[in-house]
Every structure is written in structure tokens, then in C-alpha cells.
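Data block below; observations after.
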Amino acid sequence: MKNVLETILFPKTRLHERQVEQRIHNKTIVITGASSGIGKEIALKFANITCQLVLVARNRERLDDVKRLIERKQKAKVSVYSLDLRDEAERICFLQAIHEENESIDLFVSNAGLSIRRSIYQSLDRLHDVQRTININYEAPVAIVMSLLPLLEKNGGQIVNVSTINCQLPPMAHFSAYQASKSAFDTWLRSVTPEIRKRGVNVTSIYLPLVRTQMIAPTKQYNRMPAMSPEQAAIKVINATMKQKARFEPWWLKFAKLYSSRKVSM
Ligand SMILES: NC(=O)c1ccc[n+]([C@@H]2O[C@H](COP(=O)([O-])OP(=O)(O)OC[C@H]3O[C@@H](n4cnc5c(N)ncnc54)[C@H](OP(=O)(O)O)[C@@H]3O)[C@@H](O)[C@H]2O)c1
């Protein structure tokens with residue numbers, strides 16, 4: 001039953017390889033959260049293209065593995081930056097290095113993220129849960145966008161936000177810190193979009209459903225629920241990016257929104 005639902009809810013899409021090759025050739029792409037899950041799959045999809053990939057996450061070993069896999073194809077060149085994006089000092093050093101080593105950036109994929117599932121009543125002494133989700137899901141991408149904007153403006157660059165369908169639906173219990181922080185960046189980015197578009201920078205917001213990555217592994221209920229594969233999620237992100245779409249969301253989200261708005265108003 002789960003497999004049937006997955007086929008219906010997440011119809012398989014193929015990567016538009018020729019379009020990707022044309023758009024990405026010789027471009028510089030920064031991807032945060034590239035050591036695992038969706039970010040890693042996005043990076044791997046660019047392996048066959050002559051381009052410069054800048055991959056960011058904390059786990060150096062995993063980043064080096066991704067770099068090795070990509071460079072085996074002898075096309076894309078990879079630089080890895082291992083840092084905790086929540087740490088302001090580390091972030092400043094990283095952004096300084098990006099400015100020193102690149103005259104322009106063509107694509108920034110804001111993907112690094114942290115999800116926490118916890119009841120408010122198990123969180124009363126855990127304000128740090130709110131702080132760490134806000135730091136990685138909101139403050140860090142805002143700081144990166146602010147710093148990279150001048151580099152993105154040089155060649156009409158693009159910002160891609162790997163967001164969640166939860167930003168489009170009424171909030172779910174137990175995910176308050178995650179949802180509030182993801183919604184904060186989603187709102188911030190959409191709010192600055194009209195200004196930065198005027199300077200030639202495009203913005204794409206990707207509203208993903210459940211994706212089977214290590215992020216959802218601790219929530220056992222999710223094992224039984226239909227979920228997208230990380231590779232399919234990466235393909236959706238890349239195809240929407242190549243088409244410079246303002247947004248991607250699963251086909252059924254509009255019905256979920258309608259249903260939930262009726263439920264809320266009842
Ligand atoms: N999985 C889902 O169901 C789902 C659904 C909708 C949206 N999303 C979004 O998709 C994005 C990717 O998540 P995923 O599912 O692929 O999860 P994942 O496999 O856990 O990947 C998260 C990535 O973020 C990096 N990261 C986390 N904290 C970091 C920090 N403090 N500093 C630097 N890097 C950090 C992780 O690397 P290190 O641990 O090496 O630092 C990892 O590469 C997230 O923004 C998430 O909100 C996921």
C-alpha cells in the first residue's frame with residue numbers, strides 16, 4: 001500500500017540532463033548540507049558537468065566522500081568547507097574565503113537544515129531546541145544570502161530554498177521549533193525577492209513533502225508513511241531551478257491546503 005501511494009503522490013521525474021548541462025556549464029554553485037540526504041544527491045547530479053561546486057556541512061569525512069564520488073567523473077571541480085553554520089565566527093571565515101576565491105556565484109542552494117520532533121511539554125527546559133533550529137534554518141541562510149548577494153548579482157544568479165510543505169499548511173503539533181524556523185526563512189526570502197529580482201537575482205522556493213533521509217529516521221511513525229526518495233527530491237529541486245520557477249510543490253498540495261483551510265474554518 002505504501003508503495004502504491006508513493007507512486008501516486010510522488011510520480012517519478014527524470015532529470016532534464018541537456019538543460020542542466022547548458023545552464024550549469026562553467027558555473028559556480030554553493031550547496032549547504034551537501035554531506036548527506038537531499039544536498040548530497042543534488043551535488044552528485046552535477047558530477048558530469050564542467051562546473052565548480054562548493055559543498056558545505058560539518059562532517060568532513062562525509063563531505064570528502066561526496067567530493068571523491070564527484071571527482072571520479074573528472075568533470076566538476078569540488079571545494080569542501082567543513083563548518084558549523086550555526087557558529088557566527090566559523091560562518092564569517094567561510095564567507096570571507098568564498099569572497100576571496102570567487103568573483104561571482106551563479107547558484108546558491110540553501111539546503112542545510114535541522115528538524116526536531118518534541119512535544120512542548122518535553123521542551124519546557126529546552127529553549128536551546130528553538131535556538132539551534134533558528135540558527136541553522138533561519139539565521140545561517142539569511143547571513144549567507146546577505147553576504148553572497150553582491151556575488152550573485154554579477155552574472156544574474158539564483159537562490160534556491162529547500163523548504164517544506166509544512167510552510168504552506170497549518171502547523172503540526174510536536175514540530176514547533178522546526179516549522180517556525182523554516183517558515184521564518186521562507187517568509188524572509190519571499191519578502192526580499194522583489195528587491196533582489198530587480199538586480200537580476202532569481203529565487204526558487206521548493207516545498208518538499210516527506211523525504212526518506214536521516215532527518216526523518218528518528219521519527220518511527222514515518223517508516224510507515226509514503227515518502228519521496230532523496231534522489232527524486234534532488235531531481236525536483238534541480239528541474240525547478242533550471243526552469244527558474246518561482247516555486248515547486250507536489251501536485252496534491254493544493255488539495256491538502258484546501259482541505260486544511262476548510263478544517264480550520266469549521
Ligand atoms: N527529509 C524531509 O522529509 C524533508 C522534507 C522537507 C524539507 N526538507 C529539508 O531538506 C533539507 C535537507 O534535509 P535532508 O532531509 O537531506 O536531511 P539530512 O540528510 O539530515 O541533511 C541535512 C544536511 O544539513 C547539514 N547540516 C545540518 N546542520 C548543520 C550545521 N549546523 N552546519 C552545517 N551543516 C549542517 C548536514 O550535514 P552535517 O551533519 O555534516 O553538518 C546535512 O548535510 C533541510 O533543509 C530540510 O528542512 C527535508
Side-chain angles (χ1 to χ4, degrees), residues 6 9-10 30-45 53-67 80-95 108-117 128-129 131-144 159-169 172 175 177-186 189 204-219 221-223 225-238 240 247-250 253 256:
E6 281 179 351
L9 296 174
F10 317 122
V30 178
I31 307 172
T32 62
S35 63
S36 67
I38 300 160
K40 174 181 173 180
E41 291 297 327
I42 294 172
L44 293 177
K45 294 284 177 223
L53 295 175
V54 178
L55 308 184
V56 188
R58 285 166 303 184
N59 191 310
R60 178 86 208 195
E61 237 170 78
R62 284 203 229 148
L63 279 175
D64 284 340
D65 285 346
V66 178
K67 176 180 161 81
V80 298
Y81 289 87
S82 152
L83 69 141
D84 187 339
L85 283 168
R86 292 172 303 179
D87 184 301
E88 193 180 3
E90 287 186 36
R91 219 166 48 212
I92 289 171
C93 278
F94 156 67
L95 290 167
F108 165 47
V109 183
S110 179
N111 168 78
L114 169 72
S115 171
I116 297 174
R117 178 185 187 274
H128 58 275
D129 280 350
Q131 287 159 341
R132 59 202 183 115
T133 46
I134 277 290
N135 287 348
I136 186 63
N137 296 336
Y138 179 40
E139 185 188 319
V142 167
I144 298 172
I159 299 165
V160 175
N161 176 23
V162 180
S163 188
T164 160
I165 57 169
N166 301 100
C167 291
Q168 302 279 321
L169 294 168
M172 271 192 322
F175 285 94
Y178 175 66
Q179 292 181 133
S181 58
K182 291 296 279 187
S183 297
F185 183 58
D186 177 64
L189 188 61
T204 301
S205 298
I206 310 281
Y207 299 101
L208 287 178
L210 204 59
V211 183
R212 200 143 326 273
T213 65
Q214 65 179 19
M215 180 175 274
I216 69 162
T219 307
Q221 297 94 305
Y222 285 159
N223 289 339
M225 287 175 65
M228 203 182 255
S229 74
E231 191 198 7
Q232 272 297 308
I235 292 174
K236 308 276 188 215
V237 172
I238 296 172
R247 57 190 285 142
F248 162 83
E249 61 183 38
L253 190 64

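This is a predicted model, so every value here is computed, not measured. Counting starts at 1 for both ligands and their atoms, in listed order.
With sequence neighbours left out, the ring-ring contact (aromatic ring centres under 6.0 Å, His included) criterion links Y207 to no other residue. Taking R212 as the reference, E6 meet the salt bridge (charged side-chain N to carboxylate O under 4.0 Å, His left out) condition, with sequence neighbours excluded. Partners of D65 under the side-chain hydrogen bond (donor to acceptor under 3.5 Å, both in side chains) rule, at least two apart in sequence or in another chain, are R68.
Contact residues for ligand 1 (protein heavy atom closer than 4.0 angstrom to any ligand atom): G33, A34, S35, S36, G37, I38, A57, R58, N59, L83, D84, L85, R86, N111, A112, G113, I136, V162, S163, T164, Y178, K182, L208, P209, L210, V211, T213, Q214, M215, I216.
Below 30°, between 30° and 60°, or above 60°: for Y222 and F175 the angle between ring planes is below 30°, a parallel geometry.
Checked by atom type and distance alone, the side chain of N166 never pairs as donor or acceptor with a backbone atom of Q179 at under 3.5 Å.
For the pair N137 and Y178, the minimum side-chain heavy-atom distance is below 4.5 Å.
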